[in-house]
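What you see is a predicted model; the values in this text were computed from it and never measured. We count residues from 1, following the sequence as given.
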Amino acid sequence: MNPRIAVVGAGISGLSAAHRLQELRPEWDVCVLEASGRAGGLIRSENIDGFLVEQGPDSILTEKPAAVALAQRLGLENELQSTNTVGRGAYVLHRGQLERIPDGFSMMAPTQALPILSSRLLSVPGKLRMLAEVLLPRGPQKADESVAQFVERRFGKEVLERLAQPLMSGIYGTDPRELSLGSTMPRFIELERRYRSVTLGMLAKRRKDNEARGVRYGMFVAFKRGNQTLTDALAARLGTKLQLDSPVRSIARTAAGYRLTLEQGAALDLDAVVLAVPARVQSGMLAGLSPAASHELGQIEFGSTATVAFAWPESAVSHPLDAFGFVVPKIEQCRLIASTWASKKFAGRAPAGHVLIRVFFGGDHAEAVLAETDEALVEMGRAELERLIGVKGAPLFASVARQTRAMPRYTLGHRARVERIESALSALPGIALAGNSLYGVGIPDAILAGERAAERVCHELDTRSRP
């Protein structure tokens, strides 16, 4: 009799786990149980009056290949597009004005000296401190270090406050003083260890990446008809194996495997279960099976964000919009944390002569912001855009999206916590975790987590069936 496996959660990670199981063992009985009425999780694309609006993540990092590789296996490679070649780069809010982030600056490290020296973002001592990083020795090896500690140690306080903090906040939605470097940006640890200087390491790595990446894609891609293209394709492959409106009440261990009970009362006897839901939901489901794993999962913090997508005629904006958007340092005391000029970043996001602009609320004040009405968020976003990029007049539309407790925060000690969770789960063969709570927050990370969970389940069931 073929094994029966349930994947709980139909976000991108759960869908990827189920698809990988189908690839590896097409004869096995696999189902996906989703509590809500739609698949795709945070990935959601909408066409509003000819504008393509991403309510969730708008781009995919090609440096992590899992997403592009999955798209290729699904026959969707031709649906991918790179960012526009004109107007790349971004601005940062500096003393109430938008200043361009210097060319060659990557998250926290410069790879070109001249743009840094000519920038108004840093003082002369701040610039010299940043460029002096190439002369510093390797730092001491630590069990963990915050992103802020690392940046300040290598590049100085100004770089942390004016550049690294807003860039990191736009990805992780929290203060870099709380973020674990090893769990969020481990490549910078490796660059320091291997090259001594992070700047020199970035230069070497950029040369290798350009050679390896070739001309097909840039650093970021998206689907031409929206990133929901990917989750829709995965859902279509699953067909009737995908069950919506099917929340799980509990999981119990049996002599043969596991019994999963749905809220409606139905019970499934299973050989394995992949939990592709947020850590706090995994924690509740595992409370009776592994109190230790449940406790650790429950300690993972989550942040909230809200976005507003605005559409205007191009003539309503006085700023040239000659970049992909801007980020906002905490010290600027602005109500926004970032803005993406979506129609400048990717082709096909707005009709000719129009612009599509998204603004992001979150960070330390996320809960207070999310308590506001949609109308209040729209007005706050419009007012800030009027101040910063000279938008005039009412938007053609404004679409609000909220992601409540959707962004896991990889705080100090996260990697050690993950190891404790994995150790506790070793006593539960057939239980695997996916999602974005443990191994990475981006689309490629979530896909890889789902595929690895599927591969772990296959390995364990194959091992169990051997005489």
Side-chain angles (χ1 to χ4, degrees), residues 12 40 42-72 74-91 98 100-101 103 106 170-171 209-210 213-233 307-327 338-360 381 385 389-391 395-399 401 442-444 447:
I12 182 61
L42 297 178
I43 297 177
R44 186 169 193 150
S45 311
E46 289 189 84
N47 193 301
I48 304 176
D49 299 332
F51 293 82
L52 181 56
V53 178
E54 295 288 8
Q55 303 289 17
D58 72 348
S59 57
I60 298 167
L61 182 65
T62 60
E63 186 180 57
K64 299 179 178 181
V68 172
L70 176 58
Q72 291 169 338
L74 290 169
L76 298 175
E77 184 177 10
N78 290 334
E79 292 293 315
L80 290 170
Q81 62 177 343
S82 295
T83 51
N84 289 324
T85 56
V86 178
R88 285 181 174 174
Y91 286 86
L98 293 183
R100 183 174 284 275
I101 295 175
D103 291 340
S106 177
I171 299 172
D209 286 350
N210 288 340
R213 189 180 292 124
V215 297
R216 179 65 180 91
Y217 298 120
M219 183 176 290
F220 293 97
V221 296
F223 286 87
K224 297 174 184 176
R225 292 177 292 175
N227 290 333
Q228 192 175 319
T229 299
L230 180 59
T231 52
D232 283 350
T307 65
V308 185
F310 293 97
W312 274 286
E314 204 162 27
S315 59
V317 186
S318 62
H319 194 281
L321 301 183
D322 53 349
F324 293 162
F326 64 85
V327 294
S339 174
T340 297
W341 302 336
S343 53
K344 297 296 181 179
K345 190 172 183 180
F346 289 106
R349 266 44 184 175
H354 295 78
V355 295
L356 180 66
I357 298 173
R358 293 176 80 196
V359 298
F360 297 78
L385 290 177
I389 62 173
V391 170
L396 300 176
F397 68 80
S399 176
I443 291 176
I447 290 171

side-chain contact (heavy atoms from CB on, under 4.5 Å) between V53 and F397, intermediate numbers included: CA-CA 11 Å; V53 178; F397 68 80; 4.1 Å; yes
I want to check something: taking the side chain as every heavy atom from C-beta on, are L396 and D49 in contact at a cut-off of under 4.5 Å? no
Using the side-chain hydrogen bond (donor to acceptor under 3.5 Å, both in side chains) criterion, which residues pair with Q55? Sequence neighbours excluded. E46, S399
By side-chain contact (heavy atoms from CB on, under 4.5 Å), D103 pairs with (sequence neighbours left out) Q112, P115
Ring centroid separation F326 to H319 under 6.0 Å: no
side-chain contact (heavy atoms from CB on, under 4.5 Å) filter on S343, not counting sequence neighbours, yields R349, A350, V355, L356
Before giving the answer on side-chain contact (heavy atoms from CB on, under 4.5 Å), spell out for F220 and F324 the whole-Å C-alpha distance, their side-chain angles and the decisive distance to 0.1 Å. CA-CA 12 Å; F220 293 97; F324 293 162; over 6 Å; no
Apply salt bridge (charged side-chain N to carboxylate O under 4.0 Å, His left out) to K224 and list each qualifying residue two or more places apart in sequence or on a separate chain. none
Begin with the C-alpha distance, continue with both residues' side-chain angles, and end with the deciding distance and a verdict on side-chain contact (heavy atoms from CB on, under 4.5 Å) for I443 and I43. CA-CA 9 Å; I443 291 176; I43 297 177; 3.9 Å; yes
Partner set under salt bridge (charged side-chain N to carboxylate O under 4.0 Å, His left out) for R225, not counting sequence neighbours: E79
Quick one: are R88 and T85 in side-chain contact, heavy atoms under 4.5 Å? yes
By side-chain hydrogen bond (donor to acceptor under 3.5 Å, both in side chains) - contacts of D58 (at least two apart): K345
Just verifying a value: how many Å separate I60 CD1 and I12 CD1, rounded to the nearest 0.5 Å? 8.0 Å
